[in-house]
Amino acid sequence: MSDSNTTHFNNPSTFILLGIPGLEAAHIWISIPFCTMYIIAVLGNVTILFIVKMEQSLHGPMYYFLCMLAVSDLVMSTSTLPKMLNIFWFNTREISFNACLTQMYVLLCFSAMESGILVAMAFDRYVAICHPLRHSSILTNSVVAKIGLAVLLCSGIFALPYPFLAMRWPYCRTNVIPHTYCGHIAVVKLACADIRISSYYGLFDLFSEIGMDVVFIAVSYTLILRAILRLPTKDARLKTFGTCISHLCAILAFYMPGFFSSLTHRFGHNVPLHFLVLIANVELLVPPLLHPIIYGVKTKQIRGRLLRLFTPKGT
């Protein structure tokens, strides 16, 4: 084993990201779908931002929240994919200690922010369906901006302890991270100290942020479904529920990969490491990829603007 992997040290200047352990020979081939997904995610989310900015009729709460979601998706994917592709293509595995902690913070912060935005979008759907006459007076531009700022501040504050705790631990085993990016657990597992406080805080954060977000979304949709079922006709019920389909798909695209990844890590003790790493990467890539596709396909206004954008004039 190389010296860099066995030397005893308290503050490593760099970490080594292995990529996908056991599949190093296939890195080039794995990079093709990953790179394709990243390009589609970037183009899709940038297109959403462009369309909402250019189309005056889309200047409303739902689409402002959608823009926040697009920005969050862009940050999430761009904070990991370029480095991951460097590992796959050029074998550039080193990452500085500070850059690693920064990447960890950005991922945790914007992942929580994305969850918070989905809650805000659920609240928007609740107001639009249960209090339609008061929608514009409740969700004013000022209120939407305050909600966005609150989600950002809350996510940023809750994510701060992760890198600060990771900075405290001595790292005297190895500086090799068997992953494609600096995930919280992947980093603190390298510490030669009792890291229970990091684990306990991770559980606290999971239940207090993501857990409460799921509860708020569930409560919102319970009230929404109750309001829909009170509508007089089947057509009215279907039409009203149809306005929630895009948001429900976005919720599934965000929470389901994370839920599956969490179950696999906790109960899949015999699951190969390379499969766990692949699942973790899919968890990061799927939401930024699917969100613009979901809203582009299911939202009539965005779909119409896209068609006008790519249809030559006079045809």
Side-chain angles (χ1 to χ4, degrees), residues 31-82 84-85 106-107 109-125 128 139 144-145 147-148 151-152 155 181 213 217 221 241-261 279-311:
S31 73
I32 295 172
F34 279 20
C35 184
T36 303
M37 291 167 74
Y38 176 59
I39 291 170
I40 294 171
V42 170
L43 290 176
N45 284 291
V46 169
T47 302
I48 292 287
L49 291 171
F50 174 77
I51 288 174
V52 173
K53 177 177 170 52
M54 298 301 293
E55 190 68 36
Q56 195 69 30
S57 64
L58 300 182
H59 290 185
M62 173 182 166
Y63 300 103
Y64 290 147
F65 289 134
L66 180 57
C67 286
M68 295 178 198
L69 193 68
V71 170
S72 180
D73 281 335
L74 286 169
V75 173
M76 286 273 290
S77 54
T78 303
S79 66
T80 55
L81 259 294
M84 192 188 304
L85 294 175
V106 169
L107 284 174
C109 174
F110 280 87
S111 177
M113 183 178 170
E114 196 149 322
S115 181
I117 293 166
L118 290 172
V119 174
M121 295 173 88
F123 178 65
D124 169 69
R125 291 297 84 210
L139 284 170
V144 170
I147 290 173
V151 169
L152 178 59
S155 303
Y181 60 86
D213 287 349
I217 289 171
Y221 271 97
F241 184 71
T243 63
C244 301
I245 294 296
S246 296
H247 182 241
L248 287 170
C249 291
I251 289 170
L252 292 175
F254 177 75
Y255 287 112
M256 289 306 293
F259 180 69
F260 180 71
S261 177
I279 290 297
N281 284 295
V282 168
E283 177 189 350
L284 280 181
L285 281 169
V286 166
L289 172 72
L290 291 184
H291 286 159
I293 295 174
I294 289 167
Y295 279 95
V297 170
K298 297 298 295 182
T299 307
K300 183 179 178 181
Q301 294 92 326
I302 293 178
R303 189 171 65 245
R305 176 67 186 186
L306 269 174
L307 290 173
R308 292 201 303 275
L309 192 64
F310 293 106
T311 303

Of all heavy-atom pairs between [X] and [Y], which one has the smallest distance, and what is that distance?
X	Y	answer
L248	F241	CD1-CZ, 3.8 Å
P292	P287	CD-O, 4.4 Å
L58	V52	O-CG1, 3.9 Å
G116	D213	N-OD2, 3.6 Å
D124	P61	OD1-CB, 3.6 Å
I294	A250	CD1-N, 3.9 Å

Got a donor-acceptor contact below 3.5 angstrom from the [X] side chain to the [Y] backbone?
X	Y	answer
H247	R125	no
H291	L69	no
S72	M68	no
T78	V75	no

Using a 4.5 Å cut-off on heavy atoms from C-beta on, say whether the side chain of [Y] contacts that of [X].
X	Y	result
V71	C67	no
L49	K53	no
F254	L290	no

Once you round to the nearest 0.5 Å, how far does [atom1] of [X] lie from [atom2] of [Y]?
X	Y	atom1	atom2	value
L284	T80	CG	OG1	5.0 Å
I293	I40	CD1	CD1	6.0 Å
F110	L152	CZ	CG	6.0 Å
L85	I32	CG	CD1	11.0 Å

**Report entry** Of all pairs that satisfy salt bridge (Lys or Arg N to Asp or Glu O under 4.0 Å), the ones with a partner from residues 54-71, not counting sequence neighbours
**Finding:** E55-R305, E55-R308
**Report entry** side chain to side chain donor-acceptor pair (under 3.5 Å) against N45, all qualifying residues, sequence neighbours excluded
**Finding:** none
**Report entry** Pair S115-Y255, side-chain donor/acceptor within less than 3.5 Å
**Finding:** yes
